[in-house]
Amino acid sequence: MNRDFLILSTGRIIQSAIGIVSIRLLTSLLSPAEVGNYYLIFAVIGFCTLTFISPLGFYMNRKLHGWAEHRIAVSRYKRLHHYLLLVFILSFFAVFLLNKTVGIGGSLGALQFALITGLFLYLSTCNQAIIPAFNMLGRRIHFVVFMALTLCLGLLFSILLVELVSRSAFYWVLGQVIALGVVAIIAWFYFGEVLKSYSPTNTVSGPEPEPIRQIFSFIWPLGLTFFFMWGQNLSYRIIVEKTAGLEFLGMLGVGFGIAAGMAAAMESVVQQLYFPLFYDGINTSDPVRRTQAWNSMAKATLPLYAAFAVMVSCLSPFLMKLLAGERFHASYLFLLCGAWVEFFRMSNNILAGVAHSEMQTRHLVKSYFAGASIAAGGTFLAVQHPDRATLIPFVLILSGLATVSVMYFDMRKLMRLHVFTKELLFSILLSLPFLAAIFLYPYQTDMYVASGIVFAFGAYFLFSQYKLNQDIVSGRKKSALPEVIPADSSGAQGRDSV
């Protein structure tokens, strides 16, 4: 566990560092309107990914260990690639028509908008179908190397294109697309080699592919759920773009985007560390063991997410000073609210693990329907009000709270949950010192002071959460590690990539 934690933490440090540089360059090189286009592009990509790709991704995660054991993973991936090609074609024409008829992304042009959306959707799915699988199969170093290579090349190509061709969102995202495709091709060959180690050459053939009807019964509730998830987390961008304009969307998107990026970085470490154990733990017909697997994961993750939300809320002016260009520093209130939107989103993901464990994904639909209705309807009303800069974040926080509440009560019908634990209470108590940052707000314009404050409180966050989770991790190690694949043998989910 310590070796895995070190490798994954190193990878996450690399990802976080590149993310910090990326969003700083994005907000420095592009105008607020082009930043608005950037977030609009990812709102549309998020719809396609969440609705048509993510449900199949969860199915693949659920089956990956079994496919690897029977050495049929490569053939299954090739079959699913046909579906991905179909999604690419349909998304291209759908986005083209939406631009021409409704005017979404009007400043981008129909062909550019459809092309960048379709290419990113296709190549990012290829990339993310392979690279996180290394981690799921215990190959931490492969995972970290390919993930870091994707991010480094993506940033390099984006900078080159916006400097040499045009400072536009299209060319920034195109740089990401090129990197995703190049690394996906390289990773695919390594993936085949890794799978060869799982059984002898003369192993018996694996089971026949599951009937389409059986696969569809698992993924259709997820597709509907993720559609509502998109409505809750990303649909506001399209409403804002059509009503308030790209510049306001750029300001709003940067604040919420930084919160989402920070949350995704932390959440992915948690997922990489705990989700392989969780998925292996629920790979049993014993409901008691599945319950233990979920509660063990929740006991470690939910306290961490709560502390993260408190920390980012209190440090929001200083974080905005460090992470965004000067034109976006006033968006720190959006970052503050975004931290709580992300807290509810990450908590929803943990609660949704109950439905995945019990193969009862239809129970996810109600909660996200409630959240999407509040988010889309509330944003439509709030954006027309003069005080929309305050009302829209409030609507999105309320939407997240509603989703968590409905989800919690629905999941209790499937499993005995232990959410309000002593670890959650301790984590909240350990987060109280972050409130001291409020008294330092007068110094938020000084870069050196802001850096020192973020470093000091960030170090405290890491230390306090490490001490809190040390016993949890040790306990999981004793109970769970003997069941896991050896270590040497993974956020949105339609989250923004910067």
Side-chain angles (χ1 to χ4, degrees), residues 12-43 45-46 151 154-155 158 169 172-173 176 233-234 236-237 240 246-269 305 307-346 389 392-393 396-397 400 434 437 441 444-445 447 450-451 453-455 457-458 461 491-498:
R12 196 49 53 196
I13 290 171
I14 295 171
Q15 184 188 43
S16 298
I18 296 173
I20 290 170
V21 174
S22 295
I23 200 163
R24 181 75 190 194
L25 289 171
L26 175 73
T27 54
S28 298
L29 294 175
L30 303 187
S31 67
E34 283 300 323
V35 172
N37 270 329
Y38 170 84
Y39 285 110
L40 180 65
I41 289 171
F42 277 100
I45 291 172
L151 294 173
L155 179 59
S158 292
W172 183 276
V173 180
Q176 314 270 314
N233 296 318
L234 296 174
Y236 76 89
R237 297 180 182 179
V240 169
L246 283 171
E247 188 164 337
F248 181 74
L249 175 59
M251 301 296 289
L252 187 67
V254 167
F256 279 87
I258 290 176
M262 295 178 65
M266 183 194 65
E267 186 182 25
S268 59
V269 171
Y305 293 164
F308 169 83
V310 175
M311 179 189 69
V312 174
S313 297
C314 295
L315 299 181
S316 56
F318 309 109
L319 289 168
M320 190 62 73
K321 175 69 177 179
L322 297 179
L323 301 180
E326 185 175 355
R327 290 171 291 187
F328 296 89
H329 289 171
S331 298
Y332 77 88
L333 289 175
F334 297 143
L335 173 57
L336 186 156
C337 296
W340 291 100
V341 170
E342 291 301 312
F343 167 70
F344 290 126
R345 182 191 62 79
M346 293 186 293
I392 292 175
L396 296 178
I397 292 174
F434 293 126
Y441 280 6
Q444 62 183 271
T445 57
M447 178 65 76
S451 301
I453 291 171
V454 169
F455 176 81
F457 282 102
F461 170 78
Q493 314 333 7
R495 308 309 297 164
D496 301 327
S497 173
V498 294

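Since the model is a prediction, treat every value here as computed from it, not as a measurement.
Across every non-hydrogen atom of Met447 and Lys321, the tightest pair is CE-O, 3.7 Å. Contact record, Pro317 with Tyr332: CG-CD1, 3.5 Å, taken as the closest heavy-atom pair. For the residue pair Ala339 and Ser313, the shortest heavy atom distance occurs at CB-OG, 3.9 Å. Val454 approaches Leu315 most closely through the heavy-atom pair CA-CD1, 4.5 Å. Nearest heavy-atom pair, Val35 versus Gly250, reported as atom, atom and distance to 0.1 Å: CG1-O, 4.0 Å. When all heavy atoms of Cys314 and Phe434 are compared, the pair lying nearest together is CB-O, 3.3 Å.
Evaluation of the ring-ring contact (aromatic ring centres under 6.0 Å, His included) rule for Phe334 yields no partner, not counting sequence neighbours. Partners of Phe455 under the ring-ring contact (aromatic ring centres under 6.0 Å, His included) rule, at least two apart in sequence or in another chain, do not exist in this structure. Residues passing the ring-ring contact (aromatic ring centres under 6.0 Å, His included) test with Phe328, sequence neighbours excluded: none. Residues passing the side-chain hydrogen bond (donor to acceptor under 3.5 Å, both in side chains) test with Thr27, sequence neighbours excluded: none. By the side-chain hydrogen bond (donor to acceptor under 3.5 Å, both in side chains) test, Ser31 is found to be paired with no residue, residues two or more places apart in sequence or in another chain being considered. Not a single side chain to side chain contact (heavy atoms under 4.5 Å, CB included) links Thr445 to another residue, sequence neighbours left out.
Atom-to-atom distance recorded for Phe457:CZ and Leu319:CG is 11.5 Å, nearest 0.5 angstrom. Rounding to the nearest 0.5 angstrom, the gap separating the CG atom in Leu40 from the CD1 atom in Ile45 is 10.0 Å. Rounding to the nearest 0.5 Å places CG of Leu29 at 11.0 Å from CZ of Arg24. Distance CD1/Ile20 to CD1/Ile258: 10.0 Å, rounded to 0.5 Å. Distance CG/Leu155 to CD1/Ile23: 12.0 Å, rounded to 0.5 Å. With rounding to the nearest 0.5 Å, the separation of OG in Ser28 from CD in Glu326 is 9.5 Å.
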Intermediate values then yes/no, side chain to side chain contact (heavy atoms under 4.5 Å, CB included), Leu151 and Ile14:
CA-CA 9 Å; Leu151 294 173; Ile14 295 171; 5.7 Å; no
So Tyr305 and Met266, side chain to side chain contact (heavy atoms under 4.5 Å, CB included) or not? Walk me through it.
CA-CA 9 Å; Tyr305 293 164; Met266 183 194 65; 3.3 Å; yes
Side chain to side chain contact (heavy atoms under 4.5 Å, CB included) between Leu335 and Leu323, intermediate numbers included:
CA-CA 11 Å; Leu335 173 57; Leu323 301 180; 5.9 Å; no
Begin from the C-alpha positions of Tyr236 and Phe256 and carry the test side chain to side chain contact (heavy atoms under 4.5 Å, CB included) through to its verdict.
CA-CA 11 Å; Tyr236 76 89; Phe256 279 87; 3.7 Å; yes
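Between the side chain of Arg237 and the main chain of Tyr39, a donor-acceptor pair closer than 3.5 Å is present. A distance-only check finds a donor-acceptor pair linking the side chain of Glu34 to the backbone of Ala169 [under 3.5 Å]. Checking side-chain atoms of Gln444 against main-chain N and O of Tyr441 turns up a donor-acceptor pair under 3.5 Å.
Phe308 is listed as a side-chain neighbour of Met262, based on a closest heavy-atom distance under 4.5 Å. Between Asn37 and Leu30 the shortest side-chain heavy-atom distance does not fall below 4.5 Å.
The aromatic rings of Phe343 and Trp340 sit perpendicular, their planes meeting at an angle over 60°, well past the 30° parallel limit.
A centroid separation of less than 6.0 Å is found between the aromatic rings of Phe42 and Tyr38.
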